[in-house]
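Numbered from 1 within each chain, the chains take letters A, B, ... in sequence-line order.
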Protein chains: 2
Amino acid sequence: MGKTSHISILKNPNLDSSEVAIKNGLSQKRSIILIGHCWVEYNGRARSILEPGERILFIKADGSVLIHRPTGYKPVNWQPSNCYFKISLINDTLIITAIRKKVQESLKIFFDKLFLITVMELVDEGQFYLHVSEKEIQKAILTNPDLLEKAFQPISYEKKIEPGFIDIYGLDKEGKLTVVEIKRGRAGKGAVIQLAKYVDAIRDTASRPVRGILAAPQIMKGVQKMLATLNLDYRKIDLKKCAQTVTFTKATKIQDFF
Amino acid sequence: MGKTSHISILKNPNLDSSEVAIKNGLSQKRSIILIGHCWVEYNGRARSILEPGERILFIKADGSVLIHRPTGYKPVNWQPSNCYFKISLINDTLIITAIRKKVQESLKIFFDKLFLITVMELVDEGQFYLHVSEKEIQKAILTNPDLLEKAFQPISYEKKIEPGFIDIYGLDKEGKLTVVEIKRGRAGKGAVIQLAKYVDAIRDTASRPVRGILAAPQIMKGVQKMLATLNLDYRKIDLKKCAQTVTFTKATKIQDFF
DNA sequence: CGTGCCAGGTGCCAT
DNA sequence: ATGGCACTTGGCACG
């Protein structure tokens, strides 16, 4: 048993001491990494079976579970946070059951050999910032409407109407009611359909002319024609300019623009 | 430095020896777990910054990368398999860069303190089986059409028409053309819209009566009414029976049914 | 809680 | 590569 500042390690533990270590770790809300030979059963929205092999089991302090094979960036089995655990040792097999009760789901991991147990308490207060999401494009356009179109005037955003939410709602330079649908990637037919629905809905309620703009950095093949048919517009969005417009700080909230 | 069958461990290593251990591990195609204090930059389809904190970095033998914070089932940053690495030690900071060249994306992890390095070679030949996906419901209905409706006769599946693909296409016991849309979970409005589109499309081309069936284990509130309005049917699917119908082997392919 | 929709979505399979 | 769509999707926001 080695111990660093806040990490405990067990090398080649027997299953009895493993059981104790895991139970202690869980009760103390530590994160736990188990490396060993195991097999897995999942039952819930679907069902799965993973045959025996050497894997890494990762249980986080918040009760999320990941099982990783030696390849692939995605876990082979998992359980989102807030599940509770049952640990038992039956017939030389250590059984870890992770249960989620909201959606009746259970994950059972059976270990017959453990190579390494790491129990740790990690301190992580760092903020995570993701830039140029759809929300940030929205924010950028609200901050600087010229990014969309000269003299565009936003009225509101995330406006609720029957089919869903309108990304941005405003007036164009002619003063015509305008519905803007934002896509952060290459916009496809789906985006056009969504926009058309919103335009129709607004036209019904407002009973005056309504423009529809698809705002995206790129559109897929055929989308331009589809837009033309439906009498909708496309405005190319410059992600770099959006990124520059949106401040590099998290502090400014979108609400601050109104 | 401790060593088990195929796991090497370094506790509280200095950055110099860490650099060596990581480079060796990578060149030997091992999986590596680093636990330490780090910050992260991601640049690619989007951009992100993760401020300093204690995390787990997991590099797999196939060149995939995961960075996990102490909470949340998803990695905060990642990189899919087959990326290549650059390791450098600059100003008491160990910098690990994981680069994917297909889609120009890079992930940079900066460590100023490492608590634990684990380098391992995992052997995992076990098969993974997943059951009762939408595909398997489809397979089950094709095998035993009574699971959908008495005397239903499938004609084809994944039939391509203008708006997309029809899950199952066939004749009901009256010989009427029938479009089946399958949902593996609780079907919502979206599923009804999808089904309606397909029914309309088929009606246009076939110019004879067409039935539409929504096949799902459950439907959401209001969907029944929506179906009634659009003159579409709902057939409840019994997932247990589907699971029994579909053999518990991975070998059988859906093509074998035609 | 359900409903809607985005995601660095990912993954699979089709043309 | 591009397109269409499911996913144990997860996650957030909002009525």
Side-chain angles (χ1 to χ4, degrees), chain A residues 40-48 64-65 67 72-81 83 98 100 102-107 128-138 158-167 181-186 188-191 194 197 218 220-223 239 254, chain B residues 40-48 64-65 72-81 100 102-107 128 130-138 158-167 181-186 188-191 194 197 218 220-223 239 253-255:
Chain A
V40 184
E41 290 176 14
Y42 157 72
N43 269 283
R45 287 166 290 180
R47 295 177 309 137
S48 77
S64 44
V65 183
I67 300 161
Y73 110 88
K74 283 206 157 185
V76 59
N77 282 110
W78 69 91
Q79 205 72 288
S81 51
C83 50
R100 211 147 68 105
K102 279 200 299 197
V103 273
Q104 188 48 57
E105 280 190 311
S106 75
L107 187 60
F128 177 69
Y129 303 99
L130 178 64
H131 307 285
V132 202
S133 59
E134 180 168 320
K135 272 280 165 296
E136 304 222 60
I137 297 173
Q138 186 185 51
E158 299 295 336
K159 181 184 171 64
K160 171 103 183 79
I161 53 161
E162 182 33 44
F165 296 85
I166 293 175
D167 288 335
E181 173 64 28
I182 300 169
K183 281 286 167 277
R184 67 168 308 287
R186 192 125 70 109
K189 285 183 190 174
Q194 217 172 321
K197 277 195 310 186
Q218 250 184 303
M220 287 184 189
K221 192 177 62 75
V223 166
L239 289 182
I254 200 164
Chain B
V40 184
E41 291 176 14
Y42 157 73
N43 269 284
R45 286 166 289 179
R47 294 176 308 135
S48 76
S64 45
V65 183
Y73 121 94
K74 283 202 164 185
V76 60
N77 281 110
W78 69 91
Q79 205 71 289
S81 49
R100 213 147 69 103
K102 279 200 299 196
V103 273
Q104 189 47 58
E105 280 190 310
S106 75
L107 187 60
F128 177 68
L130 176 65
H131 306 283
V132 201
S133 59
E134 181 168 318
K135 271 283 163 296
E136 302 222 66
I137 296 173
Q138 186 186 51
E158 298 296 337
K159 182 185 170 64
K160 171 102 185 77
I161 53 161
E162 182 32 47
F165 296 84
I166 293 175
D167 287 336
E181 173 63 30
I182 299 170
K183 281 285 167 279
R184 65 170 306 287
R186 192 123 72 109
K189 285 184 190 175
Q194 215 171 324
K197 276 194 311 184
Q218 251 185 301
M220 286 186 187
K221 193 176 61 75
V223 166
L239 290 182
K253 290 209 182 68
I254 199 166
Q255 279 73 14

**Report entry** First encountered from the 5' end of DNA chain D, between B:V132 and A:K189
**Finding:** A:K189
Query raised in the report: Would one find a side-chain N or O of A:R184 under 4.0 angstrom from OP1 or OP2 of C:dG8?
Result: no
Requested in this report: Compare the minimum distances between each of C:dG8, D:dC7, C:dC6 and the side chain of A:E181, then state the nucleotide with the smallest one.
Outcome: C:dC6
Query raised in the report: When only distance counts, do a donor and an acceptor, one from the side chain of A:Q194 and one from the base of C:dG4, lie under 3.5 Å apart?
Result: no
Report task. Using whole Å, report how far NZ of A:K159 lies from P of C:dG4. Result -> 19 Å
Report task. Determine the interatomic distance between C1' on C:dA7 and the same-named atom on C:dG11; round to the nearest Å. Result -> 14 Å
Query raised in the report: For B:F165 and D:dG4, what is the distance between atoms CZ and C1' respectively, to the nearest whole Å?
Result: 6 Å
Query raised in the report: Atom NZ of B:K160 to atom P of D:dC5: distance rounded to whole Å?
Result: 8 Å
Report task. For B:Y42 and for A:K197, find the nucleotide of DNA chain C with the closest heavy atom, then tell me which residue's nucleotide is more 5'. Result -> A:K197
Query raised in the report: Contact class for B:K183 (heavy atom, under 4.0 Å): base, sugar-phosphate, or nothing?
Result: sugar-phosphate
Query raised in the report: Reckon A:R186 has a side-chain N or O less than 4.0 Å from the OP1 or OP2 of D:dT2?
Result: yes
Query raised in the report: Can you tell me how far the OH atom of A:Y42 sits from the CD atom of A:E105, to the nearest 0.5 Å?
Result: 3.5 Å
Query raised in the report: When you look at A:S64 and A:W78, which way does the side chain to side chain contact (heavy atoms under 4.5 Å, CB included) test go after all the steps?
Result: CA-CA 8 Å; A:S64 44; A:W78 69 91; over 6 Å; no
Query raised in the report: Taking CD1 from A:I166 and P from C:dC6, how many angstroms apart are they, rounded to a whole number?
Result: 13 Å
Query raised in the report: Taking the side chain as C-beta and beyond, is there a heavy-atom pair between B:Q194 and B:K183 under 4.5 Å?
Result: yes
Query raised in the report: If you look at every strand shown and take non-hydrogen atoms under 4.0 Å, does B:S133 touch a base, only sugar-phosphate, or nothing?
Result: sugar-phosphate
Query raised in the report: 5'-most contact on DNA chain C: B:G190 or B:N77, nearest heavy atom basis?
Result: B:G190
Query raised in the report: For D:dG10, does OP1 or OP2 lie under 4.0 Å from any side-chain N or O of A:W78?
Result: yes
Tabulate protein N/O versus nucleotide N/O from nucleotides 11-13 of chain D, keeping only pairs under 3.5 Å, one per line.
none

Query raised in the report: Is there a side-chain contact between A:E158 and A:Q138 (heavy atoms, below 4.5 Å)?
Result: yes
Report summary line: Sorted by chain and number, sequence neighbours left out, salt bridge (Lys or Arg N to Asp or Glu O under 4.0 Å) with A:E134 holds for none
Query raised in the report: With a 4.0 Å cut-off on heavy atoms, is A:G44 in touch with a base, just the backbone sugar-phosphate, or nothing at all?
Result: nothing
Report task. Let me know the distance between CG of A:N43 and P of D:dT8, rounded to the nearest Å. Result -> 14 Å
**Report entry** Rounded distance (nearest 0.5 Å) linking atom CG of A:L239 with atom NE2 of A:H131
**Finding:** 13.5 Å
Requested in this report: Please state how far atom CD in A:Q79 lies from atom C1' in D:dT9, giving the value in whole angstrom units.
Outcome: 14 Å
Report task. Please report, rounded to the nearest Å, how far the C1' atom of C:dA14 is from the CD1 atom of B:I161. Result -> 15 Å
Query raised in the report: A:H131 NE2 to C:dA7 P: how many Å, rounded?
Result: 15 Å
Report task. Using a heavy-atom cut-off of under 4.0 Å over every strand shown, decide if A:E134 touches base, sugar-phosphate, or nothing. Result -> sugar-phosphate
Query raised in the report: Does A:R45 have a side-chain nitrogen or oxygen under 4.0 Å from the phosphate oxygens OP1 or OP2 of D:dT9?
Result: yes
Query - Any residue meeting salt bridge (Lys or Arg N to Asp or Glu O under 4.0 Å) with A:E41, in chain and number order, not counting sequence neighbours - result: none
